[in-house]
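Atoms considered below: every heavy atom in the structure, side chains included; atoms not considered: hydrogens, waters and symmetry mates. Each residue takes its place number in the sequence, starting with 1.
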Amino acid sequence: MTYYNEIYFALFGTMFGMLTISTIPYYRNNSGAEGYWLSGIPLAGGLSYFLFLLAPHVHRGLLTPANFILVAFTLGPAFLMRHWLGKDSRKALFFIAILWGFSAAFFEYLRLHGNFQQRVLLVVAWLVAACIWTCIEAHSLYQQRKSFYILALIASALLGVIVSVMRLILIFSDTPSNINLYEEPFLQIMLRFVLGVCLMFISVFLITHANERLHWINFSIQQAKDKSESMNEELTQLVRERDHMLMINSRFSTVSSLAMFNSAIVHELSQPLAALNLTLQEAQWRTKTADPSLQTSIEYSVSLVQKIGQMNHSLRNLMMAQKPDFETVALDSCLQDILPILQNEASRRHVLLGTPPASGPLPVIANKVMFERIVFNLVANAMDALSSNATPGQKPHIGMAFTQEIRRDQDHVVLTVTDNGPGFPKHLLSSDWLHFQSTKETGMGVGLILCHYILSTWRGELVLANQPSGGALVQLWIPLSKQANPAA
């Protein structure tokens, strides 16, 4: 073997080995098919050149696996690009594997019984076909997304085709049939060297383009993440506005009569409800492929908008027909439904809201939507009082608790709402408190009257008092359902 051939095979074997090592970080991040192709392509190239280096010293039979590992190496880029294009290559891989196996067996036969030109023709035909196929797949990949490295890969593959054809022409025109691979003339060694450079650059540009693709993917992920965070902020603001709207709705009042109250609330809420519903539907469509927790939050927002509509409908029935819809209601369950909204509003106002301890079912004959409205109104009144007149040195606090009491020989469910504010003025605790009076400068005194009226339709009662330790106390007395109390 000549000195030039030793340098040639050792040099390219080492360079492909270094390219294989350079793909290890990428392989760790992409353990699927792409990682296998990127690591396997230069590994096959390095292995083939080291087998060429060892063949004269070990056994000439190593030439067959060396040549056909080199063929597999040149086929690899086309398969990798098909993977990037999203094409199914299983049938092509199966067909080429069979043809590759038959060609390897035929090459071994030529090595034993044929001549050098025949063996070179067989291998170079594979190399030319692989390079042309690589150019075709690379062109399709370039059409999908422009990349300088793909253009450079196409140029390297085309140069490889030209050099291979020139090598064939020289072998068949000027060289005796008994020439040995390791005794080729210097010009053919140089052509083989240029071909090796072309194949090496194909691997280099593949790896570089893979890094470029990884950068594109990371950039796309970051853009999606930024967009998701922006949408989350918008949804958070939307939830806050929704909660604020519910609180406003729960406390809406008029100056003249309850009929005017109904007309005003229907008019004022119809358009905002429709706009909020459309906004939530659009957000739900835009985030249909996002994080499932975000979808859950939007669905919850939609359900709350529907709850406002139900509240509006119930108020309309109450004011127009003067008779609410009755149903069996579990008051503890109703309170759990609206606690998140109350907690959000309390957090916004820096008020500590104490939730009632878990209790058993507390069924009454009432109206779920109207009960929620009463609770909204009472808690909002307490928050207003605490915002302006909190007890010095204490954190504003609102407490809620359910109990069961007997009043006028009938079992009642009692919801008690307390705060540590200044309490009720004396005129509101007198027997004639059911007038249009308010403790707030801008208040009209309708909220408590409306609560009292609704409770009276349920045969219940509203009780106002001040706590001995300071702060207001409001109790809602609602008769317990007879189905829940057989002794009644």
* **Leu415/Leu331 under side-chain contact (heavy atoms from CB on, under 4.5 Å): CA gap, chis, key distance, verdict** => CA-CA 9 Å; Leu415 172 62; Leu331 295 188; over 6 Å; no
* To do: Sequence neighbours left out, what pairs pass salt bridge (Lys or Arg N to Asp or Glu O under 4.0 Å) with at least one residue falling in residues 35-52?
  => none
* To do: Using modelled atom types only, decide if a donor and an acceptor are shared between the side chain of Asn420 and the backbone of Lys395 within a distance under 3.5 Å.
  => yes
* To do: Take Phe12 and Phe193 through the test ring-ring contact (aromatic ring centres under 6.0 Å, His included) and record every step on the way to the result.
  => CA-CA 9 Å; Phe12 280 97; Phe193 180 85; 5.3 Å; yes
* To do: Mark yes or no for whether Ser22, through its side chain, and Leu19, through its backbone, hold a donor-acceptor pair below 3.5 Å.
  => yes
* Asked: Partners of Ala72 by side-chain contact (heavy atoms from CB on, under 4.5 Å), sequence neighbours excluded?
  -> Trp100
* Polar side-chain atom of Ser347 near backbone of Gln343 as donor-acceptor pair, under 3.5 Å -> no
* To the nearest 0.5 Å, how far apart are CG in Leu206 and CG in Leu153? -> 5.0 Å
* Which residue pairs pass the side chain to side chain donor-acceptor pair (under 3.5 Å) test with at least one member in residues 126-135, sequence neighbours excluded? -> Ser103-Trp126, Trp133-Glu137
* Taking only Lys NZ, Arg NE, NH1 and NH2, and the carboxylate oxygens of Asp or Glu, determine whether Asp88 and Arg82 approach each other closer than 4.0 Å. => no
* Asked: Got a donor-acceptor contact below 3.5 angstrom from the Glu327 side chain to the Lys368 backbone?
  -> yes
* To do: Tell me, please, which residues at least two apart from Phe148 pass ring-ring contact (aromatic ring centres under 6.0 Å, His included).
  => none
* To do: Any pair with a residue in residues 202-231 that passes ring pair (Phe, Tyr, Trp, His ring centres under 6.0 Å), sequence neighbours left out, goes on the list, sorted by first then second residue, please.
  => Trp84-His209, Phe201-Phe205, His209-Trp216
* Of Phe16, Trp37, Tyr49, the residue whose pairing with Phe73 passes ring-ring contact (aromatic ring centres under 6.0 Å, His included) -> Phe16
* Asked: Any side-chain heavy atom of Val329 sitting closer than 4.5 Å to one from Asn367?
  -> no
* **Sequence neighbours excluded, every pair satisfying salt bridge (Lys or Arg N to Asp or Glu O under 4.0 Å) that has a member inside residues 190-200** => Glu184-Arg192
* To do: Under the ring-ring contact (aromatic ring centres under 6.0 Å, His included) rule, collect the residues that match up with Phe371, sequence neighbours excluded.
  => none
* Taking side-chain contact (heavy atoms from CB on, under 4.5 Å) as the test, write out the residues that go with Thr74, two or more places apart. => Leu127, Ala130, Leu199
* List for me each residue that meets ring-ring contact (aromatic ring centres under 6.0 Å, His included) alongside His113, sequence neighbours excluded, and say none if there are none. => Tyr109
* Asked: CE of Met166: more than 12 outside heavy atoms within 6.0 angstrom?
  -> no
* To do: Scan for salt bridge (Lys or Arg N to Asp or Glu O under 4.0 Å) pairs involving residues 103-114, sequence neighbours excluded, and state none if there are none.
  => Glu108-Arg111
* Quick one: closest heavy-atom pair of Ala138 and Ile150, and the distance? => O-CG2, 3.3 Å
* **Partner set under side-chain contact (heavy atoms from CB on, under 4.5 Å) for Leu151, not counting sequence neighbours** => Tyr142
* Asked: Can you name the residues that form a side-chain contact (heavy atoms from CB on, under 4.5 Å) with Asp226, not counting sequence neighbours?
  -> Gln222, Glu229
